[in-house]
Protein chains: 2
Amino acid sequence: MQRNRISQQPARSEQLLFLTDDQIRQGIEMMFFAYRGFTADPDLILETYTYGRAHHRAIHFINRTPGLAVNDLLDILGVTKQSLNRVLRQLVNDGLVDSRIGKQDRRQRNLFLTDVGEKLERELSDAQRKRIRKAYSNAGPEAVHGFRKVLEQIIDPSLRDKVLNRANEKR
Amino acid sequence: MQRNRISQQPARSEQLLFLTDDQIRQGIEMMFFAYRGFTADPDLILETYTYGRAHHRAIHFINRTPGLAVNDLLDILGVTKQSLNRVLRQLVNDGLVDSRIGKQDRRQRNLFLTDVGEKLERELSDAQRKRIRKAYSNAGPEAVHGFRKVLEQIIDPSLRDKVLNRANEKR
DNA sequence: CTTGGAAAGTCAATAAGACTGACATAAACT
DNA sequence: AGTTTATGTCAGTCTTATTGACTTTCCAAG
């Protein structure tokens with residue numbers, strides 16, 4: 001059944017429209033293109049440092065959770081330790097990340113950003129935040145609420161708590 | 001989620017709450033994890049065919065716009081022709097994509113999915129749609145509307161019209 | 001105190017998917 | 001006839017990922 005998409009604000013009566021295959025296909029494509037936009041700005045900055053997205057991700061999560069252990073970062077990023085290690089080694093050698101032996105468990109390495117690392121983190125996240133802030137601002141608070149609600153549902157259930165629950169601290 | 005609102009937030013900043021750095025940082029992380037979830041299901045299927053995401057993207061957009069020219073696909077995907085060509089060559093050799101000489105412009109190749117290609121496309125998009133449909137369903141129509149509104153804003157302005165097929169209309 | 005296993009790091013080989021650069025061919029446009 | 005466009009291809013490189021095997025250090029249970 002082909003549907004004539006009226007471009008006026010959809011009435012609340014159109015409650016089922018959002019589940020048609022066409023609507024969902026549009027959502028899928030928007031996720032694809034939005035992710036491209038989402039990474040575009042940091043990618044440009046990273047180029048000048050000969051770093052890639054992998055470095056950005058590591059820097060982001062070390063900044064979010066200073067003292068993060070390598071294993072926890074592996075869980076978050078969902079890559080192999082060999083893959084992460086190459087990135088981490090670079091960042092440590094370049095003086096952006098500090099890897100300190102754990103106090104309780106001396107096998108662990110707790111990761112921290114150095115001042116230089118924090119500077120790059122800020123540069124990267126400023127660029128990314130700028131786009132998101134603008135998007136939020138243009139879309140409005142209601143839309144942002146819905147945006148988060150849907151994203152939350154798309155995230156793998158096994159990760160959802162780990163990602164969203166910041167009250168739930170790690171030992 | 002409810003935790004952030006209680007502390008020292010004055011009531012008048014309620015409208016601005018969604019623009020705090022912390023809220024935006026959460027949005028950034030959710031985009032990262034949601035994109036992982038978004039691609040997880042097709043990725044599993046692709047493995048069994050020794051194809052990757054690049055093949056999925058090509059198949060998706062050829063299916064969406066049968067007869068698409070190579071140059072248009074390049075614009076959509078934002079990669080070099082060398083990169084796309086390797087993927088396209090495989091898909092044509094494997095009998096999933098049909099590349100026909102253009103009728104008006106014989107330099108062009110118009111791309112179509114074969115029956116086999118359509119079958120894989122359905123398999124992949126079924127898996128992906130299932131997750132999105134469930135997310136939409138759980139989040140509700142209001143949220144979906146907001147989701148799309150924000151995603152649209154994150155997409156690069158230069159791509160927005162091209163992507164959304166909205167050259168003639170506005171919201 | 002010995003031992004099993006966990007946390008981290010490393011070496012090697014491999015793959016996907018992207019890139020640049022150079023070049024070839026056919027067809028359209030001027 | 002000459003130029004530009006659309007496509008395709010060869011060659012080389014890069015980043016990020018993989019699996020597999022192995023080591024060192026260290027915690028904890030027997």
Side-chain angles (χ1 to χ4, degrees), chain A residues 32 35-36 39-40 42-60 62 67-94 97-112 170-171, chain B residues 32 35-36 39-40 42-60 62 67-94 97-112:
Chain A
F32 169 63
Y35 197 77
R36 272 237 301 260
T39 55
D43 282 355
L44 276 178
I45 295 166
L46 288 159
E47 263 180 35
T48 72
Y49 292 87
T50 68
Y51 290 143
R53 271 184 214 174
H55 302 84
H56 184 191
R57 294 196 281 262
I59 288 171
H60 174 95
I62 293 171
L68 191 67
V70 174
N71 246 355
D72 293 334
L73 186 52
L74 283 174
D75 279 352
I76 290 170
L77 297 179
V79 297
T80 58
K81 65 174 173 177
Q82 293 93 326
S83 194
L84 175 59
N85 200 249
R86 197 179 44 83
V87 167
L88 228 40
R89 203 188 317 167
Q90 274 185 279
L91 293 175
V92 169
N93 286 341
D94 295 354
V97 167
D98 196 5
S99 171
R100 304 185 205 150
I101 291 175
K103 282 186 178 173
Q104 322 93 314
D105 187 337
R106 289 173 48 82
R107 291 172 301 181
Q108 285 191 347
R109 296 299 124 92
N110 296 121
L111 304 169
F112 300 87
K170 296 199 168 249
R171 277 162 290 284
Chain B
F32 170 62
Y35 197 76
R36 273 240 300 263
T39 55
D43 281 356
L44 276 178
I45 295 166
L46 288 159
E47 262 179 34
T48 72
Y49 292 88
T50 66
Y51 289 142
R53 270 185 215 173
H55 302 84
H56 183 190
R57 293 196 281 261
I59 287 172
H60 173 96
I62 293 171
L68 191 67
V70 174
N71 245 355
D72 293 334
L73 186 53
L74 283 173
D75 278 352
I76 291 170
L77 297 179
V79 297
T80 58
K81 63 176 175 175
Q82 293 92 326
S83 193
L84 175 60
N85 201 249
R86 198 174 48 85
V87 167
L88 228 39
R89 204 189 317 167
Q90 274 184 280
L91 292 175
V92 170
N93 287 342
D94 294 355
V97 167
D98 196 6
S99 171
R100 304 186 204 150
I101 291 174
K103 283 186 176 175
Q104 325 92 312
D105 187 336
R106 289 173 49 82
R107 291 172 303 183
Q108 284 190 348
R109 295 299 123 91
N110 297 121
L111 304 169
F112 300 87

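Chain letters run A, B, ... following the sequence lines, proteins first and then strands; every chain starts at 1. All of these numbers come straight from a predicted model, not from anything done at the bench.
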**Student:** To the nearest Å, how far apart are Leu88(B) CG and dG8(D) P?
**Tutor:** 7 Å

**Student:** Please report the distance, rounded to the nearest Å, between CD in Glu47(A) and C1' in dC19(C).
**Tutor:** 10 Å

**Student:** May I have the distance from Leu84(B) (atom CG) to dC19(C) (atom C1'), rounded to whole angstrom?
**Tutor:** 14 Å

**Student:** Distance-only, no hydrogens or angles: does the Arg53(B) side chain make a donor-acceptor pair with backbone N or O of Pro42(B) under 3.5 Å?
**Tutor:** no

**Student:** If a protein heavy atom is under 4.0 Å from the base, mark B; if only from the sugar-phosphate, S; if neither, -; do that for nucleotides 24-30 of chain D going 5' to 3'.
**Tutor:** -BBS---

**Student:** Between the side chain of Arg100(B) and the main-chain N/O of Gly67(B), is any donor-acceptor distance below 3.5 Å?
**Tutor:** no

**Student:** Would you say the side chain of Asp94(B) lies within less than 4.5 Å of the side chain of Tyr49(B), judging by non-hydrogen atoms?
**Tutor:** no

**Student:** Identify which nucleotide among dT7(D), dT18(D), dC10(D) has an atom closest to any side-chain atom of Arg89(B), counting heavy atoms from C-beta outward.
**Tutor:** dC10(D)

**Student:** Which of the following nucleotides, dT16(D), dT18(D), dA8(C), is nearest to the side chain of Asn71(A)?
**Tutor:** dA8(C)

**Student:** Is any side-chain N or O of Gln82(B) under 3.5 Å from a base N or O of dG8(D), one able to act as donor and the other as acceptor?
**Tutor:** no

**Student:** Hey, which sits more toward the 5' end of DNA chain D by its nearest nucleotide, Gln90(A) or Ala69(B)?
**Tutor:** Ala69(B)

**Student:** How many Å lie between CG on Leu77(B) and P on dA18(C), as a whole number?
**Tutor:** 8 Å

**Student:** Can you see if the side chain of Asn85(A) gets near the phosphate of dA8(C) - specifically, an N or O under 4.0 Å from OP1 or OP2?
**Tutor:** no

**Student:** Taking the side chain of Val70(A) as heavy atoms from C-beta outward, which of dG9(C), dC19(C), dC23(C) is closest to it?
**Tutor:** dG9(C)

**Student:** Closest to the Thr80(B) side chain: dC19(C), dT7(D), dA18(C)?
**Tutor:** dC19(C)

